[in-house]
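Because the structure is predicted, anything quoted here is derived from the model rather than measured.
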Amino acid sequence: QVQLVESGGGLVQAGGSLRLSCAASERTFSSGAMGWFRQAPGKEREFVARISWIAGSTYYTDSVKGRFNISRDKAVNTVYLQMNSLRPEDTARYYCTKSSSPFPRATQGSYDYWGQGTQVTVST
């Protein structure tokens, strides 16, 4: 069983930055990918970004391209989401997730483990 613990959320003004972290309990990953989804009130959970654990290849949803950057530190089993130029529409609860596939689809069903989430609120 993999446990994922997110941190780094908070309140920030539009145009500001936040960095989310997600620490995984599993000691080593032989393959797979880590990702971030988000869910705003009254909306469905949506894909944000993912990174293949071994190759490091990344994929983003269009609305965050050029503003968000996903990275990982294999030494400490942690994935990060650097969020810049934040907008009020980025306000949501952000969830860390892990897939057994290195190139999972951008759908919830492609991921096996989920964290509890961390709240990001962007004010105008």
Side-chain angles (χ1 to χ4, degrees):
Q1 185 74 13
V2 177
Q3 291 185 328
L4 305 173
V5 179
E6 303 98 332
S7 61
L11 174 64
V12 64
Q13 287 189 330
S17 299
L18 281 175
R19 189 177 83 153
L20 306 183
S21 300
C22 173
S25 64
E26 194 174 70
R27 293 191 66 180
T28 58
F29 294 147
S30 59
S31 63
M34 298 284 288
W36 291 93
F37 280 67
R38 65 186 180 186
Q39 187 168 21
K43 295 188 177 181
E44 292 188 356
R45 193 172 296 188
E46 65 172 356
F47 170 82
V48 177
R50 64 96 172 129
I51 185 167
S52 301
W53 195 253
I54 301 301
S57 62
T58 58
Y59 181 73
Y60 300 88
T61 191
D62 286 346
S63 64
V64 308
K65 285 180 181 177
R67 300 189 299 123
F68 290 12
N69 183 67
I70 188 171
S71 61
R72 88 278 193 237
D73 186 337
K74 292 189 281 185
V76 291
N77 284 352
T78 299
V79 64
Y80 305 97
L81 186 68
Q82 177 67 43
M83 305 184 295
N84 301 322
S85 302
L86 282 161
R87 305 166 180 168
E89 54 263 40
D90 295 318
T91 294
R93 191 165 185 85
Y94 284 70
Y95 294 88
C96 176
T97 185
K98 182 184 184 298
S99 173
S100 59
S101 169
F103 304 104
R105 293 183 177 184
T107 58
Q108 294 185 61
S110 298
Y111 291 81
D112 309 298
Y113 300 97
W114 295 83
Q116 294 299 307
T118 184
Q119 181 67 35
V120 171
T121 302
V122 184
S123 64
T124 55

Engineer: Quick one: pull up OG in S63 and CD in E89 and give me the separation to the nearest 0.5 Å.
Structural biologist: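 Reported value, rounded in 0.5 Å steps: 8.5 Å.
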Engineer: Can you measure from OG (S52) to CZ (R72) and round to the nearest 0.5 angstrom?
Structural biologist: 8.5 Å
Engineer: Test M83 against every option in V120, V122, N69, D90 by the side chain to side chain contact (heavy atoms under 4.5 Å, CB included) rule and name the one that passes.
Structural biologist: V120
Engineer: Which value, rounded to the nearest 0.5 Å, describes the distance between I70 atom CD1 and M34 atom CE?
Structural biologist: 8.0 Å
Engineer: Would you say CD of Q39 has more than 12 non-hydrogen atoms from neighbouring residues, nucleotides or ligands within 6.0 angstrom?
Structural biologist: yes
Engineer: Within a 6.0 Å radius of atom CD on E44, are there more than 12 heavy atoms belonging to other residues, nucleotides or ligands?
Structural biologist: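 Result for CD/E44: open.
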Engineer: Do F37 and L81 share a hydrophobic cluster, counting only Ile, Leu, Val, Met, Phe, Trp and Tyr and linking them when any side-chain heavy atoms are less than 4.5 Å apart?
Structural biologist: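 The answer is no; the residues belong to distinct hydrophobic clusters.
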Engineer: For F103 versus S57, what's the shortest heavy-atom pair and its separation?
Structural biologist: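 Smallest heavy-atom distance, with atoms named: CE2-OG, 3.1 Å.
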Engineer: Take Y59 and F47 through the test ring pair (Phe, Tyr, Trp, His ring centres under 6.0 Å) and record every step on the way to the result.
Structural biologist: CA-CA 10 Å; Y59 181 73; F47 170 82; 5.7 Å; yes
Engineer: Are Y80 and L4 connected into the same hydrophobic cluster when the rule is that any two of I, L, V, M, F, W, Y join if their side-chain heavy atoms are below 4.5 Å apart?
Structural biologist: no
Engineer: What donor-acceptor contacts under 3.5 angstrom involve side-chain atoms of residues 5-19, with partners at least two apart or in another chain?
Structural biologist:
from	atom 1	to	atom 2	distance (Å)
E6	OE1	Q116	N	3.2
E6	OE1	G117	N	2.9
E6	OE2	C96	N	2.8
E6	OE2	G117	N	3.1
S17	OG	N84	OD1	2.9

Engineer: Looking only at non-hydrogen atoms, find the nearest pair between A92 and A40 and report the distance.
Structural biologist: CB-N, 3.8 Å
Engineer: Once the angle between the rings of W114 and Y95 is folded into 0 to 90°, is it parallel (under 30°), tilted (30 to 60°) or perpendicular (over 60°)?
Structural biologist: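 Perpendicular, since the angle between the ring planes exceeds 60°.
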Engineer: Supply the atom-to-atom distance R38 CZ to R93 CZ, rounded to the nearest 0.5 angstrom.
Structural biologist: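 It comes to 15.0 Å.
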Engineer: In Å and rounded to the nearest 0.5 Å, what is the OG to CZ distance from S110 to R50?
Structural biologist: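 Going from OG on S110 over to CZ on R50, the span is 10.5 Å.
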Engineer: Is there a side-chain contact (heavy atoms from CB on, under 4.5 Å) between Q108 and T97 once you walk through the steps?
Structural biologist: CA-CA 9 Å; Q108 294 185 61; T97 185; over 6 Å; no
Engineer: Start with the C-alpha distance between T61 and W36, add both sets of side-chain angles, then the distance that settles side-chain contact (heavy atoms from CB on, under 4.5 Å), and finish with yes or no.
Structural biologist: CA-CA 10 Å; T61 191; W36 291 93; over 6 Å; no
Engineer: Decide yes or no on side-chain contact (heavy atoms from CB on, under 4.5 Å) for Y60 and I51, but give the supporting numbers first.
Structural biologist: CA-CA 9 Å; Y60 300 88; I51 185 167; over 6 Å; no
Engineer: Rounded to the nearest 0.5 Å, what separates atom CG in L20 from atom CZ in F68?
Structural biologist: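 Atom-to-atom, L20:CG and F68:CZ are 8.0 Å apart.
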Engineer: Only counting residues at least two apart or in another chain, list the ones meeting salt bridge (charged side-chain N to carboxylate O under 4.0 Å, His left out) with K65.
Structural biologist: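 In terms of salt bridge (charged side-chain N to carboxylate O under 4.0 Å, His left out), with neighbours along the sequence ignored, K65 is linked to D62.
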